[in-house]
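Below, chains carry the letters A, B, ... as their sequence lines are ordered, and counting in each starts from 1.
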Number of protein chains: 2
Amino acid sequence: MTPATGKLPARDADAGNLSRAGDLFQLLRDGRARTRAELAVSTGLARSTVASRIDALMLSGLVGPAGEALSSGGRPPSRFAFNPAARLVLAADVGATHVIVAVTDLGGNILAEHRLAQQVADGPEAVLDRVLTQGQELLSGAGRKVEELAGVGIGLPGPVEHDTGRPVKPPIMPGWDGFDVVGYVQRSLPVPVLVDNDVNIMALGERAANWPEHGNFFFVKVATGIGSGIISSGELQRGANGTAGDLGHVQVARGHDVLCACGNYGCLEALASGPAIVRALRGQGVEVAKGADVLRLAADGNLQAIQALRQAGRDIGEVLATVVNLLNPSVIVVGGSMGEAGEHLVAGIREVVYRRSPPLATSHLRIVLSMAGGRAAILGASQMVTQYVLSPAVIEATLAGTAIAG
Amino acid sequence: MTPATGKLPARDADAGNLSRAGDLFQLLRDGRARTRAELAVSTGLARSTVASRIDALMLSGLVGPAGEALSSGGRPPSRFAFNPAARLVLAADVGATHVIVAVTDLGGNILAEHRLAQQVADGPEAVLDRVLTQGQELLSGAGRKVEELAGVGIGLPGPVEHDTGRPVKPPIMPGWDGFDVVGYVQRSLPVPVLVDNDVNIMALGERAANWPEHGNFFFVKVATGIGSGIISSGELQRGANGTAGDLGHVQVARGHDVLCACGNYGCLEALASGPAIVRALRGQGVEVAKGADVLRLAADGNLQAIQALRQAGRDIGEVLATVVNLLNPSVIVVGGSMGEAGEHLVAGIREVVYRRSPPLATSHLRIVLSMAGGRAAILGASQMVTQYVLSPAVIEATLAGTAIAG
């Protein structure tokens, strides 16, 4: 007998909820069709219990009929399977100057999607009203009903207390501090509403879409700011106060005399974010106004722009080398407007990480550009809702007609 | 309805194992006594199924009779409860020059304990033979039998591949590289054997003993080397290759010209470990031979020793500030021979962490000395085994008489 592999079992599993209708669903979630008799054998539940729980799941739409099994005489028994297309998610990616709204199913398939120009600084009611209006338009355009929504997922460009869905002192979001996003959305859509910061959501989306088999996964967003989303043992890690992944204010060696907007010196964000790279190039007399100008110059072969991106990559790599020592991820994905745009930045990152991190931790490590790109956040907002609404406790509460506490 | 708090549900739950005898046990694990009828209601299982599963759990010793409930007429029904005293764990903390062996129950209570002088460099067979002999003596001294052992937990002073229990190129353990610790121990004791590095085990032990309610917990060991154990969302994080928590080779700003044994410059371990502090003090003409001398001098009020410890604390604090940004733990515990010994090192750590880390992440952060001290590893070795043998999948396999794969 050898020890179990990998993660130890969670100790706080809600044991009291085991063996209820939700468990039947977790069994069916693999997509395989089963008869009532097969489900009774697999779960040890009484046949009558299985029958009534299948009825409840059918009523919820999450489980549908999936043909008939072979008969051993008499009427052939019906089979049942999870139906991810049955319910929908409204996903919104709120950026500083845009909002993307999408409708997906519970399998993460995007059914409809629309991008709007919208300033987050217009405040929560203006922004959320546009999300709601656009969501309803997408739903009706796809011929689907509001009643089919299983939940709403929203990514915001600032710190969010995930438990309550309220932004916490978000620097670029005037009017949003402490706003009850969940309550506001639920006045129009009475379904579960989940909110998180954009980087956590991008990590969820990038992993779900492209790296589902990697349980130790790290997503770094390089744009106006620098942040990260951490997935360890398959779970997004938010930390004790929800601030986990705050990479932008880690101190790097080169920048001991560079003042950051946070009041400290030498923060990564003050050296390697889009605005920091722009500042550095302007100091050299290069005419650039914003990050996109730097990327354009680099694409045209401008040596100063290429060197600036590469140096920013080295600075980010210095912090990521610590991440590799500490968390030992198997994949680091570089995204965000500066990260997605090319290999110069990533080359700088790789240079430092592979020099500074221990061989065992880097032998299978991959450092790659985002593949989900601009859709990472939308996919992640959908994924966040799906994980929640299909979890055993929520399925159970939904079937019992019980609202989750709060 | 508001979103679920904290961690999202794991997606890879072994749904096929739900609703079996193991679940009855997870329900009983809270220690509360219940009748067969109560268990049938809680689980939805048929009465006859509950009865046969209780029989199997009684036979395993994990569940015992716990008196009778009030009768509603006729014979009063029996009640059953988890009995953590029924089964034992053999726990071993192997250090560079000592071995501590203990026998605990499944509640983490130490029944017997013994410390031996033993060089890990004598090789795995010599060391493990002493663990086994000592373990059997402790068992018989406590009047208990080898048959009562539920498992063996071993902490080693070097990198271990947790899945197989084999050391991986451990620097101070000649003869141990790739050694089949699990197989060797199981020749004498045919029970589950779990092996991990000492720092991971100290993190488990310190948290279980003193901070069980803190799911985001960080343990740093400062001794001959510097390492850490990370608990996020309640789970020990080992990373993709088991190297997570490797704090000793993170680069710190002050040490860009200090060569580390790993071949890089400026590693934390080359500046702030016991031997590094000794080197620094000898460079100043202070007569010290080992870390204990430094601690003695500091206790006597020697200013150079106090300053050296405080500076080492600042260097460690520089890395821990990044940890706080990245992982947002609510508790950081400082242990190991240098860390346990006093407040000077911790004062240096606090100084830098509270200056460098963002207010939201440090507003409730506690940075404290180890309370479990020399027993952290033993308690953690026991905890590692208990978590494993009481997990649903293992309980299930045990009751079914099935060996876990491998």
Side-chain angles (χ1 to χ4, degrees), chain A residues 1-10 12-13 15-16 18-20 23 26-27 42-46 49 163 165 182 192 194 216 232-237 239-241 243-246 249-251 253 264 322-323 325-330 356 358 360-361 387-388 391-392 394 403-404 406, chain B residues 1-10 12-13 15-16 18-20 23 26-27 42-46 49 163 165 182 192 194 216 232-237 239-241 243-246 249-251 253 264 322-323 325-330 356 358 360-361 387-388 391-392 394 403-404 406:
Chain A
M1 229 188 286
T2 60
T5 58
K7 92 181 192 182
L8 296 168
D12 51 359
L18 293 176
S19 312
R20 296 176 178 270
D23 295 346
Q26 298 307 319
L27 197 58
S42 297
T43 58
L45 293 171
T49 314
D163 293 358
V182 173
L194 289 97
N216 292 280
S232 297
S233 301
E235 278 187 70
L236 185 68
Q237 302 296 341
N241 310 90
T243 72
D246 185 5
H249 301 283
V250 171
Q251 192 171 25
N264 268 317
T322 302
V323 168
N325 275 277
L326 204 63
L327 297 178
N328 181 208
S330 54
R356 283 295 325 177
L360 186 58
Q387 283 189 357
Y388 174 76
S391 66
V394 178
I404 294 296
Chain B
M1 233 188 284
T2 59
T5 59
K7 90 183 195 186
L8 294 168
D12 51 359
L18 292 176
S19 312
R20 295 175 179 271
D23 294 346
Q26 299 306 320
L27 197 58
S42 297
T43 60
L45 293 171
T49 315
D163 292 358
V182 172
L194 289 99
N216 292 281
S232 297
S233 302
E235 278 188 70
L236 185 68
Q237 302 296 341
N241 309 91
T243 72
D246 186 5
H249 301 283
V250 170
Q251 193 171 23
N264 266 319
T322 301
V323 167
N325 275 277
L326 204 62
L327 298 177
N328 183 208
S330 54
R356 282 298 320 177
L360 185 57
Q387 282 189 357
Y388 174 75
S391 67
V394 178
I404 295 296

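- Residues passing the side chain to side chain donor-acceptor pair (under 3.5 Å) test with A:N241, sequence neighbours excluded: B:N328.
- Within the 4.5 angstrom heavy-atom criterion, atoms from both the backbone and the side chain of A:A361 approach chain B.
- Smallest separation of non-hydrogen atoms from A:A240 and B:P329: CB-C, 4.0 Å.
- B:H249 NE2 to A:N325 CG: the interatomic distance, rounded to the nearest 0.5 Å, is 8.0 Å.
- Counting heavy atoms from C-beta outward, A:S232 and B:Q237 have side chains that approach closer than 4.5 Å.
- A:P358 has its side chain within reach of B:D246: a pair of non-hydrogen atoms, C-beta onward, lies under 4.5 Å apart.
- Contacts of B:T322 classified as side chain to side chain donor-acceptor pair (under 3.5 Å), with partners at least two apart in sequence or in another chain: none.
- Between A:V323 and B:L326, the closest side-chain pair of non-hydrogen atoms falls below 4.5 Å.
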inquiry  = Test side chain to side chain contact (heavy atoms under 4.5 Å, CB included) on A:E235 and B:E235; report intermediate values, then the result.
reply    = CA-CA 10 Å; A:E235 278 187 70; B:E235 278 188 70; 3.6 Å; yes
